[in-house]
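We name chains A, B, ... by the order of the sequence lines, and we start the count at 1 in each one.
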Amino acid sequence: MEIPSAGNFLERIIEEDIENQVYQRPIHTRFPPEPNGYLHIGSLYAININHSAAKKFGGEFNLRYDDTNPLKEDMEYVNAILEDMKWAGYDPGKNIFYGSDYFDTIYDLTIKLIERGLAYVCDLTADQMREYRGTLTTPGTDSPYRDRGIQENLNLFTQMRDGKFIPGERVLRAKIDMASPNINMRDPAIYRILEAEHYRSGAKWKIYPMYDYAHPIQDAIEGITHSMCSIEFKDHRPLYEWVLNSLDFAFPEPPKQREFGRMNITGAITSKRYLRQLVALNYVDGWDDPRLPTVKGLRRRGFTQASIHNFLNEIGIARDMSTVDISMLEHCLREDLKSKARAVMAVLDPLPVTITNYPEGVEEYVDVEYNGENPDLGKRQLPFCKKILVEREDFMETPEKGFHRLYPGNEVRLKGAYFIKCAEVVKDESGNVIELLCTYDPETKSGSGNVTRKVKATLHWLSAEHNIPARVNLYGRLLADENISGEEIDWTQYVDPNSKIVLENVRVENLINPQPEDKFQFLRHGYFVVDMKRTDEKLTFNRIVSLKDTKKR
RNA sequence: UGGGCUGUCGCCAAGCGGUAAGGCACAAGACUUUGACUCUUGCACACGAUGGUUCGAAUCCAUCCAGCCCAGCCA
């Protein structure tokens with residue numbers, strides 16, 4: 001078999017294993033989320049690493065719910081996780097597994113482990129265990145129960161299984177080395193008693209295996225070859241290998257764990273714990289709030305599958321933690337959207353303009369063409385008449401230096417239509433500009449070939465008679481790029497009050513049958529998506545990304 | 001101060017002994033029926049620091065410095 005060239009250090013490891021024929025089976029990877037929260041961009045990063053490695057080497061990819069703690073898991077999350085994975089383009093197909101389905105197998109293997117004298121039941125309390133464990137700089141001391149006989153351990157473990165003890169009363173521990181400099185190897189607990197209804201196995205079990213013990217076995221059962229996880233598990237690798245080694249009779253070609261650095265994005269929070277707080281405390285509208293980096297949030301904000309894939313491939317894979325600038329993500333979206341989003345005209349903050357010399361009651365259609373990546377997406381006819389709407393920010397009574405748009409006496413082009421010149425400014429009693437009176441030059445109609453003079457600005461506009469109301473939600477960065485820590489967090493200092501701004505008076509072209517998640521580009525205002533969640537009489541848009549900052553010229 | 005991991009441009013990131021890819025961001029300019037898009041150009045005599053090995057080092061060795069992770073019966 002021709003081996004594809006490795007793209008990163010993880011793939012290089014796999015490539016080497018293939019060359020050395022380490023496995024008699026195809027490459028097999030997995031993504032093992034605990035169903036206790038929603039997927040976010042960081043999850044996608046981990047999924048992508050495992051998924052694309054399998055794909056690249058013609059292997060298999062599993063989704064396995066890592067559900068060994070019934071206290072935290074819920075069906076709500078297993079559904080959401082699968083849905084998000086599919087949406088993001090990582091459909092596991094039939095390869096969907098549940099760690100809890102292996103409870104019987106793991107139990108049987110554990111009996112063997114005890115018979116081999118490699119695990120023992122410990123009566124120490126959690127507090128005592130902590131004391132016996134020692135510290136980072138001092139070795140631990142053996143539990144007084146460490147040398148219990150095999151038969152006694154077997155009996156006790158069986159009783160644990162049968163519910164003879166209460167949670168915390170006893171625990172099964174791996175017998176490794178209390179003096180190990182690696183704390184994970186100081187006789188870690190591998191089975192604990194839990195009193196809870198498991199969302200899947202119900203009340204069948206009273207004991208549940210710990211992650212460190214269950215994970216290698218789960219991987220091995222599924223035939224995983226490369227178990228790629230994040231860097232904080234690096235110290236757990238010796239334990240992962242110890243488990244598989246101790247069960248060598250069952251798994252002759254054990255999987256190997258390899259680690260990659262976690263990926264963070266500036267201004268985004270990806271800790272499930274904090275995400276949960278933001279949602280619970282109502283600082284955001286829910287798990288799908290567009291300001292959140294959750295898959296559902298990104299989706300509602302308008303990110304596309306292609307943009308996310310592009311981003312993930314672009315940033316690469318690091319061995320250590322990295323913090324990618326969010327502008328990279330936004331760039332990837334812009335890149336994808338410029339050839340897909342329909343270009344339309346929308347006036348976010350309308351200022352009425354009356355074209356005084358334009359015939360009353362006359363209505364004509366003008367061709368508007370937008371010169372984007374895909375011109376066809378911006379080609380259409382728009383109604384034009386005596387009364388129109390322009391952007392308020394496109395007018396300045398006393399123009400600052402470099403301002404070329406509307407100001408008294410200045411002439412500009414209306415995109416697709418005519419040149420107009422600002423003749424008079426109408427104000428209300430408090431001095432606010434409420435209308436502009438302009439004149440137009442019939443000779444300057446767009447496309448007429450009239451090039452007798454030039455103007456320095458082109459404005460987007462809308463017929464005051466033919467447009468529809470819309471509501472626009474502008475979502476900014478939610479959180480400061482700071483390290484947040486502590487149990488009780490005062491989110492008010494992290495949530496920017498301007499992170500969500502609602503514009504009510506927006507007017508847009510009469511869009512024909514827009515669908516949820518449809519993407520549009522509002523000229524000079526950036527990309528917008530029809531909010532999939534709102535169903536008002538008004539059309540509702542979410543801002544996706546801005547165009548580059550417009551500088552005064 | 002025990003153990004593990006990482007240090008290449010503001011941010012990602014190639015590089016694996018032969019003389020610093022690329023992307024984002026940023027800056028300047030060209031083009032333009034929007035100041036967007038596109039295009040052009042610039043942006044690390046330098047690879048955490050210091051020594052050493054070598055004809056030659058970001059790449060090897062040594063020491064030091066900085067950052068991250070680990071003391072759940074969470075994952």
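- Using the Watson-Crick or G-U wobble rule with both distances under 3.5 Å, B:rC74 pairs with nothing in any strand shown.
- Base contact: A:His236 has a heavy atom under 4.0 Å from a base atom.
- Comparing the P positions of B:rG42 and B:rG56 gives a spacing of 32 Å, expressed to the nearest Å.
- When the nucleotides B:rA36, B:rC74, B:rC24 are ranked by their closest atom to the side chain of A:Glu34, B:rC74 comes out on top.
- If you check every strand for non-hydrogen atoms under 4.0 Å, A:His331 touches sugar and phosphate atoms only.
- B:rG35 takes the anti form, because its glycosidic angle lies more than 90° either side of 0.
- Annotation: B:rC37 and B:rG18 have their C1' atoms spaced 42 Å apart (nearest Å).
- Nucleotides B:rA75 and B:rC70 place their C1' atoms 14 Å apart, quoted to the nearest Å.
- Straight-line distance from the CD1 atom of A:Ile231 to the P atom of B:rG67: 18 Å, rounded to whole Å.
- Taking the P atoms as reference points, B:rA20 lies 23 Å from B:rC24, given to the whole Å.
- Using a 4.0 Å heavy-atom cutoff across all strands shown, A:Met129 reaches at least one base atom of the nucleic acid.
- Each of A:Tyr199, A:Tyr208, A:Tyr98 was scored for a side-chain hydrogen bond (donor to acceptor under 3.5 Å, both in side chains) with A:Asp67, with one residue passing: A:Tyr199.
- Remark: B:rC39 base-pairs with B:rG29. Criterion, Watson-Crick or G-U wobble with two distances under 3.5 Å.
- Residue A:Asn264 contributes atom CG, which lies 13 Å from atom P of B:rC68 at whole-angstrom precision.
- With rounding to whole Å, A:Asp394 atom CG is found 10 Å from B:rG35 atom C1'.
- Of all nucleotides listed (B:rG2, B:rU34, B:rA75), B:rG2 comes nearest to the side chain of A:Thr137.
- No engagement by A:Ile193 is indicated, since no non-hydrogen atom pair under 4.0 Å with the nucleic acid exists.
- In this model, a donor atom of one side chain and an acceptor atom of the other lie less than 3.5 Å apart for A:Asp187 and A:Tyr120.
- Nucleotides B:rU1 and B:rC65 have their C1' atoms positioned 16 Å apart, rounded to a whole Å.
- Using a 4.0 Å heavy-atom cutoff across all strands shown, A:Tyr191 reaches no nucleic acid atom at all.
- Residue A:Thr68 is in sugar-phosphate contact alone, with no base atom involved, counting any heavy-atom pair closer than 4.0 Å across all strands shown.
- Among the atoms of the strands shown, none is found under 4.0 Å from any heavy atom of A:Tyr208.
- Side chain of A:Leu547, nearest nucleotide from B:rA36, B:rC24, B:rG15: B:rA36.
- One atom, CG of A:Asn310, and another, P of B:rA13, lie 16 Å apart when rounded to the nearest Å.
- The phosphate of B:rC16 (OP1 or OP2) has no side-chain N or O of A:Arg12 nearer than 4.0 angstrom.
- Counting non-hydrogen atoms under 4.0 angstrom, A:Ala457 reaches nothing in the nucleic acid.
- Using a 4.0 Å heavy-atom distance criterion, A:Leu124 is classed as a base contact.
- Using a 4.0 Å heavy-atom distance criterion, A:Ala417 is classed as making no nucleic acid contact.
- Ranked by how close their nearest RNA chain B nucleotide is to the 5' end, A:Asp127 and A:Leu523 are led by A:Leu523.
- Taking the six-membered ring for Trp and the full ring otherwise, A:Tyr358 and A:Phe384 have centroids separated by under 6.0 Å.
- Below the 3.5 angstrom threshold, one finds no donor paired with an acceptor across the side chain of A:Asn182 and the base of B:rG4.
- Side chains of A:Glu391 and A:His525: a donor on one and an acceptor on the other come within 3.5 Å.
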Test log, rule side chain to side chain contact (heavy atoms under 4.5 Å, CB included), inputs A:Ile315 and A:Tyr45: CA-CA 10 Å; A:Ile315 61 176; A:Tyr45 176 73; 4.0 Å; yes
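- A salt bridge links A:Glu393 with A:Arg524: the closest approach of a Lys/Arg side-chain nitrogen to an acidic carboxylate oxygen falls below 4.0 angstrom.
- Side-chain proximity of A:Ser446 to the nucleotides B:rU34, B:rU33, B:rA36 is greatest for B:rU33.
- Checked for salt-bridge contact, A:Arg262 and A:Glu232 meet the test: a charged N lies under 4.0 Å from a carboxylate O.
- Comparing B:rA44 with B:rG23, their C1' atoms sit 16 Å apart, to the nearest whole Å.
- With B:rC5, B:rC70, B:rC74 as the candidates, the nucleotide lying closest to the side chain of A:Asp235 is B:rC70.
- Annotation: B:rU59 and B:rG15 have their P atoms spaced 15 Å apart (nearest Å).
- Nearest nucleotide to the side chain of A:Arg319, out of B:rC11, B:rC70, B:rU6: B:rU6.
- Counting only heavy atoms from C-beta on, A:Met345 has its side chain closest to B:rU34 among B:rU34, B:rG4, B:rC74.
- Atoms CG (A:Asn313) and P (B:rA13) sit 14 Å apart, rounded to a whole Å.
- Using Watson-Crick or G-U wobble geometry with both donor-acceptor distances under 3.5 Å, B:rC68 finds its partner in B:rG4.
- When the shell of 6.0 Å around CD of A:Glu195 is examined, it contains 12 or fewer heavy atoms from other residues, nucleotides or ligands.
- Rounded to whole Å, the C1' atom of B:rC61 lies 12 Å from the corresponding atom of B:rU54.
- Counting atom types as modelled, A:Tyr132 pairs no side-chain N or O with a base atom of B:rA71 as donor and acceptor under 3.5 Å.
- Applying the 4.0 Å criterion to OP1 and OP2 of B:rG23, one finds that A:Arg334 has every side-chain N and O outside that range.
- Taking 4.0 Å as the cut-off between side-chain N and carboxylate O, A:Glu330 and A:Arg477 count as a salt-bridged pair.
- Looking at the side chain of A:Thr458, the nearest of the listed nucleotides B:rC11, B:rU33, B:rA36 is B:rU33.
- Of the candidates A:Lys454, A:Lys421, A:Arg453, A:Arg453 is the only one forming a side-chain hydrogen bond (donor to acceptor under 3.5 Å, both in side chains) with A:Glu411.
- In this structure, A:Leu71 atom CG and B:rG72 atom C1' are separated by 13 Å, rounded to whole Å.
- At the heavy-atom level, A:Gly261 lies nowhere under 4.0 Å from the strands shown.
- Between the P atom of B:rA36 and the NE2 atom of A:His525 lies a distance of 14 Å, rounded to the nearest Å.
- Between the CZ atom of A:Phe9 and the P atom of B:rG7 there is a distance of 10 Å, given to the nearest Å.
- Pair check for B:rU54 finds none; no Watson-Crick or G-U wobble contact set falls under 3.5 Å.
- Here B:rU38 is the nucleotide among B:rG67, B:rC73, B:rU38 with the atom lying nearest to any side-chain atom of A:Lys338.
- Distance from the side chain of A:Asp320 is smallest for B:rU6 among the nucleotides B:rC74, B:rC24, B:rU6.
- Both A:Arg130 and A:Tyr45 lie near RNA chain B, and the one whose nearest nucleotide falls closer to the 5' end is A:Tyr45.
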